[in-house]
Amino acid sequence: MPNTAGQVASTVYGWPRIGRRRELKRATESYWKGSSSKDELLATASALRHQTWTELSKAGIDEIPCNDFSLYDHMADMTMVLDAVP
């Protein structure tokens with residue numbers, strides 16, 4: 001939604017990505033153990049992203065962060081994006 005003069009847009013940095021009950025951690029560990037499939041892990045991740053975006057939207061956040069999700073290590077992900085692997 002566009003802001004009018006004098007309004008400040010709101011956003012959130014660092015929203016927890018693992019879920020309220022650590023769903024992503026459990027799904028990742030289950031995948032590593034071979035107890036669940038890649039599709040199940042990705043479905044959990046997708047559901048968590050959708051849940052977060054919905055919660056932030058309902059809370060009235062103007063600019064909802066996206067493309068900040070990582071299945072495990074966001075710093076390792078960014079290292080790969082920047083081709084900064086030592």
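Only this structure's heavy atoms are used, side chains among them; waters, hydrogens and symmetry mates stay out.
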Any side-chain heavy atom of Leu42 sitting closer than 4.5 Å to one from Leu71?
yes
Gap between atom [atom2] of [Y] and atom [atom1] of [X] - 0.5 Å precision:
X: Ile61; Y: Glu63; atom1: CD1; atom2: CD; result: 10.0 Å
X: Arg17; Y: Thr52; atom1: CZ; atom2: OG1; result: 11.0 Å
X: Leu56; Y: Asp62; atom1: CG; atom2: CG; result: 11.5 Å
X: Leu48; Y: Trp15; atom1: CG; atom2: CH2; result: 12.5 Å
X: Ser70; Y: Leu24; atom1: OG; atom2: CG; result: 8.0 Å

Partners passing side chain to side chain donor-acceptor pair (under 3.5 Å) against Glu23 (at least two apart in sequence or in another chain)
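With sequence neighbours excluded, Glu23 shows a side chain to side chain donor-acceptor pair (under 3.5 Å) to no residue whatsoever.
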Do other residues, nucleotides or ligands put more than 12 heavy atoms under 6.0 Å from Phe69 CZ?
yes
Going by the rule side-chain contact (heavy atoms from CB on, under 4.5 Å), which residues pair with Arg22 if we only count those two or more places apart in sequence or in a different chain?
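Arg22: side-chain contact (heavy atoms from CB on, under 4.5 Å) contacts with Ile18, Lys25, Arg26.
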Closer than 3.5 angstrom, by distance alone: can the side chain of Ser36 be matched with the main-chain N or O of Tyr31 as a donor-acceptor pair?
yes
